[in-house]
Amino acid sequence: GAEIRLEEVVKRYPGQKTAAVESLSLTIPAGEIVMFVGPSGCGKTTSLKMINRLIEPTSGTILIDGEDVRKSSADELRRKIGYVIQGGSLFPHMTVAKNIAIVPKMLGWDASRVKGRVDDLLDLVGLDPSRYRDRYPRELSGGQQQRVGVARGLAADPPVILMDEPFGAVDPITRQRLQDELLSIQRELRKTIVCVTHDIDEAIKLGDRIVILREGGHIAQYDTPEVVLAS
Ligand code: ADP
Ligand code: ADP
């Protein structure tokens, strides 16, 4: 994993009266899962997307292992940061293998390396490669699509993974299973994971630390789950 630092990060959308994120300063330690929790509209997704520059901050600085993300090229960001969102968000016209291979191919990996990586990742997320690599997303259950989404986020072995409501689109039983699997994968890989959820139970279960946000991206609390539970 890599350390992420946000320094007085502000995001003001055009035409908005108040800032979506007013001034967020936060250090996310390397190798930890940090959960962002808070009500709808408090700036969770905006904060997450500023880390991988899907959204450009109005002001402030974001550093990954001390390096300003603004100074990174698109390929450097692809190597550094994986992205996982609700339901997996797979491209429907692409097979499982093609979906997972998107970033490695953009980074110029050769075909045999990509193929080996896809199969290793399918094993990692509990899908038999020979059965699943050539399927299309519509041929998978919601839980399986979400597993493929996690594999895609991990594909180029980035030190940082951003997750936006990763398990929001599946039934409660599957969600619990996916959460357990993520924790067991994380014990091995030790990525820095920033995960957005509106579900405090999910935050307590997955987080090494929890950021509780209120309107305007203000930090109400930043603590371990034990402390959050006791307060
Ligand atoms: P959350 O993820 O916590 O639900 P968001 O980061 O999506 O919150 O949104 C924070 C605030 O910014 C909300 O008030 C939302 O309406 C506003 N917002 C989000 N995206 C845009 C956008 N593209 N244009 C204008 N306002 C936006
Ligand atoms: P998960 O625990 O990942 O949610 P399910 O229990 O929903 O998985 O699915 C069990 C089996 O049913 C899987 O082998 C899956 O391939 C198959 N399956 C589920 N949904 C579909 C679908 N829409 N089309 C084809 N097969 C499916």
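Owing to the predicted nature of the structure, the values given are computational and were not obtained by experimental measurement. Just follow the structure's listing: the first ligand is 1, and inside any ligand the first atom is 1.
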Original post:
Hey, does the side chain of Asp223 reach the backbone of Val228 with a donor-acceptor pair shorter than 3.5 angstrom?
Top reply: no

Original post:
How would you list all residue pairs meeting salt bridge (charged side-chain N to carboxylate O under 4.0 Å, His left out) that involve residues 45-55, not counting sequence neighbours?
Top reply: Arg53-Glu56

**OP:** May I ask you to say whether Lys98 pairs ionically with Asp134, meaning some side-chain N is under 4.0 Å from a carboxylate O?
**Re:** no

Original post:
Around ligand 1, what residues show up once you keep those with a heavy atom under 4.0 Å from it?
Top reply: Tyr13, Gln16, Ala20, Pro39, Ser40, Gly41, Cys42, Gly43, Lys44, Thr45, Thr46

Subject >> Steps toward salt bridge (Lys or Arg N to Asp or Glu O under 4.0 Å) verdict (Glu188, Arg190) >> reply: CA-CA 6 Å; Glu188 204 178 312; Arg190 285 284 153 208; over 6 Å; no

Throw together a table of side-chain donor-acceptor distances under 3.5 angstrom for residues 17-40, partners on residues two or more places apart or in other chains.
residue : atom : partner : partner atom : Å
Glu22   : OE1  : His218  : NE2          : 3.0
Ser25   : OG   : Glu8    : N            : 2.8
Glu32   : OE1  : Arg209  : NE           : 2.5
Glu32   : OE2  : Arg209  : NH2          : 3.4

Subject >> salt bridge (Lys or Arg N to Asp or Glu O under 4.0 Å) partners for Asp68, two or more places apart >> reply: Arg70

